[in-house]
J.: 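First the structure, which I've put down as structure tokens, then a few questions once you've had a look.
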Amino acid sequence: MAGGGFCRLPNGTVVVALTLNGPAAGPGPGEQVRVLVHAANRARALTRLRNLGMRAVYLRGNAQPPTPDEVTAVLHHPDGLLWRTAPQTGQELWHPIRALLGSAGHAGPARPAA
């Protein structure tokens with residue numbers, strides 16, 4: 001199960017932070033990643049991740065809400081979807097979600113061109 005949390009911003013939107021197992025094509029097998037999503041509400045944030053192929057993503061509780069630095073990072077990114085390895089080592093920067101998903105654009109296996 002993913003650890004994570006959310007925070008509601010003054011304009012009514014939310015930032016959801018989840019710690020997930022990275023995909024096989026991601027940073028390394030078995031490594032965990034921290035994913036940040038900015039959306040209108042929690043349900044839409046999770047839907048954005050599910051539409052990218054991360055089907056088993058749920059947010060239960062608010063045990064690991066995003067830090068102020070994480071909120072700032074996701075608000076300043078045009079896509080509103082970021083990730084980096086967790087726990088953070090050194091000064092690793094945030095990456096756009098397409099860097100995690102690979103060339104296929106989703107978390108599932110690569111589809112051959114037809």
Side-chain angles (χ1 to χ4, degrees):
M1 182 177 302
F6 70 96
C7 70
R8 184 166 303 279
L9 302 176
N11 65 358
T13 61
V14 297
V15 173
V16 174
L18 295 167
T19 303
L20 307 168
N21 292 328
E31 258 190 309
Q32 290 192 325
V33 294
R34 180 84 164 167
V35 178
L36 301 176
V37 184
H38 179 229
N41 56 44
R42 286 180 288 176
R44 287 193 182 183
L46 297 176
T47 299
R48 288 185 75 186
L49 291 175
R50 290 182 187 128
N51 287 343
L52 293 171
M54 299 178 192
R55 298 286 182 219
V57 176
Y58 296 96
L59 180 61
R60 305 210 193 282
N62 199 15
Q64 298 172 352
T67 65
D69 291 337
E70 291 175 334
V71 172
T72 301
V74 77
L75 289 178
H76 284 86
H77 193 271
D79 293 339
L81 273 164
L82 299 173
W83 72 275
R84 71 176 168 198
T85 57
Q88 181 190 7
T89 56
Q91 293 293 323
E92 181 183 6
L93 299 176
W94 289 96
H95 309 283
I97 199 72
R98 36 182 197 278
L100 179 65
L101 301 177
S103 63
H106 58 86
R111 295 181 187 160

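If you're wondering where the values come from, they're calculated on a predicted model, not measured in any experiment.
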J.: Can you tell me how far the CG atom of L46 sits from the CE atom of M54, to the nearest 0.5 Å?
T.: 11.5 Å
J.: Looking only at heavy atoms, which two atoms of L20 and V35 are closest? And how far apart?
T.: CD1-CG2, 3.9 Å
J.: May I ask whether V33 and L18 are part of the same hydrophobic cluster, defined by side-chain heavy atoms of I, L, V, M, F, W, Y residues being less than 4.5 angstrom apart, directly or through others?
T.: yes
J.: Please report the C-alpha distance between V16 and L49 in whole Å, then the side-chain angles of each, then the deciding distance to 0.1 Å, and finally whether the side-chain contact (heavy atoms from CB on, under 4.5 Å) criterion is met.
T.: CA-CA 11 Å; V16 174; L49 291 175; 6.0 Å; no
J.: Which atoms form the tightest heavy-atom contact between A17 and E70, and what is the distance?
T.: CB-OE1, 4.3 Å
J.: Would you please say whether a donor-acceptor pair under 3.5 Å links the side chains of N11 and T13?
T.: yes
J.: Would you say R55's side chain and R50's backbone share a donor-acceptor pair under 3.5 angstrom?
T.: yes
J.: Which heavy atom in R48 sits nearest to a heavy atom in A39, and how many Å separate them?
T.: CD-CB, 4.4 Å
J.: Looking at CZ of R44 and NE2 of H38, how far apart are the two atoms once the value is rounded to the nearest 0.5 Å?
T.: 12.0 Å
J.: Can you tell me how far the CG atom of L82 sits from the CG atom of D79, to the nearest 0.5 Å?
T.: 8.0 Å
J.: I need the minimum non-hydrogen distance between C7 and V71, along with the two atoms involved.
T.: SG-CG2, 3.6 Å
J.: I need the T85 OG1 to E92 CD distance, nearest 0.5 Å.
T.: 3.5 Å
J.: How far does CG of L59 sit from CZ of R42, to the nearest 0.5 angstrom?
T.: 6.5 Å
J.: Test of understanding: clusters of I, L, V, M, F, W, Y form through side-chain heavy atoms closer than 4.5 Å, transitively. Do W94 and V37 belong to the same one?
T.: no
J.: Using atom types as modelled and distance alone, determine if a side-chain donor or acceptor of W83 lies under 3.5 Å from a backbone N or O of P96.
T.: yes
J.: Enter the distance from T67:OG1 to R34:CZ here, rounded to the nearest 0.5 Å.
T.: 7.0 Å
J.: According to a 4.5 Å side-chain heavy-atom criterion applied to Ile, Leu, Val, Met, Phe, Trp and Tyr, with indirect links allowed, do F6 and L9 form part of one hydrophobic cluster?
T.: no
J.: For V74 versus G80, what's the shortest heavy-atom pair and its separation?
T.: CG2-O, 3.4 Å
